[in-house]
Novice: 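Take this structure, written in structure tokens, and hold onto it; I'll ask about it next.
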Amino acid sequence: MKTGCSIVEKPEGGGGYHFPDWAYKTESSPGSRQIQLWHFILELLQKEEFRHVIAWQQGEYGEFVIKDPDEVARLWGRRKCKPQMNYDKLSRALRYYYNKRILHKTKGKRFTYKFNFNKLVMPNYPFINIRPNGKQETN
DNA sequence: AGCGGAACGG
DNA sequence: CCGTTCCGCT
């Protein structure tokens, strides 16, 4: 049997998204990079079939709960061909997003994170310049 | 459960 | 760069 671990990408995208279109845009990169974790998270959140695994939290826009951390880690490991993936490692990757301001933790709520849409919009709208501590190019 | 340093690899 | 692996600390 195939491991199905090649470059399989791109969902159909023919459903009711509860998410803006720019969010899961195919990364405006020259070479074509690997799938990023937050893209993958968005991909799961987009699909009804994973609602028991990961789902949006009603109330706060962009907030989501990982209902089954082991399963999310397993799925992520499958996609990245990392069979040894677990929630401990996955969550470390999520923690790196804090500084990048892609995500932050919803404190007090177990397995709950929240997307920072302000940051998310940036790669798609490069003209929105909010550079916190970067070098300001001559622009 | 959650955090963040450190080494490492594609 | 973007995680992955490992781990000590809270």
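Chain naming here is simple, since letters A, B, ... match the order of the sequence lines and numbering starts at 1 in each.
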Novice: Could you check whether L90(A) gets within reach of a base, just the sugar-phosphate, or nothing at all, counting any heavy atom under 4.0 Å?
Specialist: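 No contact at all - L90(A) keeps every heavy atom at 4.0 Å or more from the nucleic acid.
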Novice: When the distance from CD of Q36(A) to P of dT4(C) is rounded to whole Å, what number comes out?
Specialist: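 Distance check: Q36(A) CD to dT4(C) P gives 11 Å.
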Novice: Would you mind reading off the distance between K82(A) atom NZ and dG3(C) atom P, rounded to a whole angstrom?
Specialist: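 Answer to the nearest Å: 13 Å.
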Novice: Measure the distance from CD on Q84(A) to P on dT4(C) and round it to the nearest whole Å.
Specialist: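 For the pair Q84(A) CD and dT4(C) P, the rounded distance is 13 Å.
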Novice: Under 3.5 Å, is there a donor-acceptor pair between the side chain of Y61(A) and the main chain of F117(A)?
Specialist: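 No, Y61(A) side chain to F117(A) backbone: no donor-acceptor pair under 3.5 Å.
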Novice: With sequence neighbours left out, write down each residue that passes side chain to side chain contact (heavy atoms under 4.5 Å, CB included) with E71(A), or none if nothing qualifies.
Specialist: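 Partners of E71(A) under the side chain to side chain contact (heavy atoms under 4.5 Å, CB included) test: V53(A), D68(A), R74(A), L75(A).
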Novice: If only atom types and distance count, is the side chain of K114(A) paired as donor or acceptor with the main-chain N or O of K105(A) below 3.5 Å?
Specialist: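 No, K114(A) side chain to K105(A) backbone: no donor-acceptor pair under 3.5 Å.
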Novice: Whether K89(A) contacts dC6(C) is assessed here as follows: a side-chain N or O lying under 4.0 Å from the phosphate OP1 or OP2. Is that the case?
Specialist: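 For K89(A), the contact criterion (side-chain N or O under 4.0 Å from OP1 or OP2 of dC6(C)) is met.
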Novice: F111(A): what forms a side chain to side chain contact (heavy atoms under 4.5 Å, CB included) with it, not counting sequence neighbours?
Specialist: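 Partners of F111(A) under the side chain to side chain contact (heavy atoms under 4.5 Å, CB included) test: I66(A), P69(A), Y87(A).
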Novice: Taking atom CD of E49(A) as the centre, report whether more than 12 heavy atoms of other residues, nucleotides or ligands fall under 6.0 Å from it.
Specialist: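 Counting neighbours around CD of E49(A), more than 12 heavy atoms of other residues, nucleotides or ligands fall under 6.0 Å, so yes.
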Novice: Could you run through nucleotides 1-10 of chain B and give me one letter per nucleotide, 5' to 3': B if any protein heavy atom sits under 4.0 Å from the base, S if only the sugar-phosphate is that close, - if neither?
Specialist: SSBBBBB---
Novice: Could you tell me whether the phosphate oxygens of dC1(C), OP1 or OP2, come under 4.0 Å of any side-chain nitrogen or oxygen in K100(A)?
Specialist: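 So the side-chain polar atoms of K100(A) never come under 4.0 Å of the phosphate oxygens OP1 or OP2 of dC1(C).
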Novice: What's the CD1-C1' distance between I35(A) and dT4(C), to the nearest Å?
Specialist: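 From I35(A) CD1 to dT4(C) C1': 16 Å.
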Novice: Looking at W76(A), I'd like to know whether one of its side-chain N or O atoms comes within less than 4.0 Å of OP1 or OP2 on dT4(C).
Specialist: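 Indeed, a polar side-chain atom of W76(A) lies that close.
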Novice: Just how far, in rounded Å, is C1' of dC2(C) from NE2 of H39(A)?
Specialist: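 For the pair H39(A) NE2 and dC2(C) C1', the rounded distance is 12 Å.
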Novice: Given atom NZ of K80(A) and atom C1' of dT4(C), what is their separation to the nearest angstrom?
Specialist: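 Whole-Å distance recorded here is 8 Å.
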Novice: If I take atom CG in residue N86(A) and atom P in nucleotide dC7(C), what distance separates them, rounded to the nearest angstrom?
Specialist: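 Taking atom P of dC7(C) as the reference, CG of N86(A) is at 12 Å.
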Novice: Salt bridge check: are K109(A) and E60(A) linked by an N-O gap of less than 4.0 Å?
Specialist: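 No, K109(A) and E60(A) are not salt-bridged.
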Novice: Given K80(A) and M85(A), is the side chain to side chain contact (heavy atoms under 4.5 Å, CB included) satisfied, shown in steps?
Specialist: CA-CA 9 Å; K80(A) 287 287 290 290; M85(A) 184 50 59; over 6 Å; no
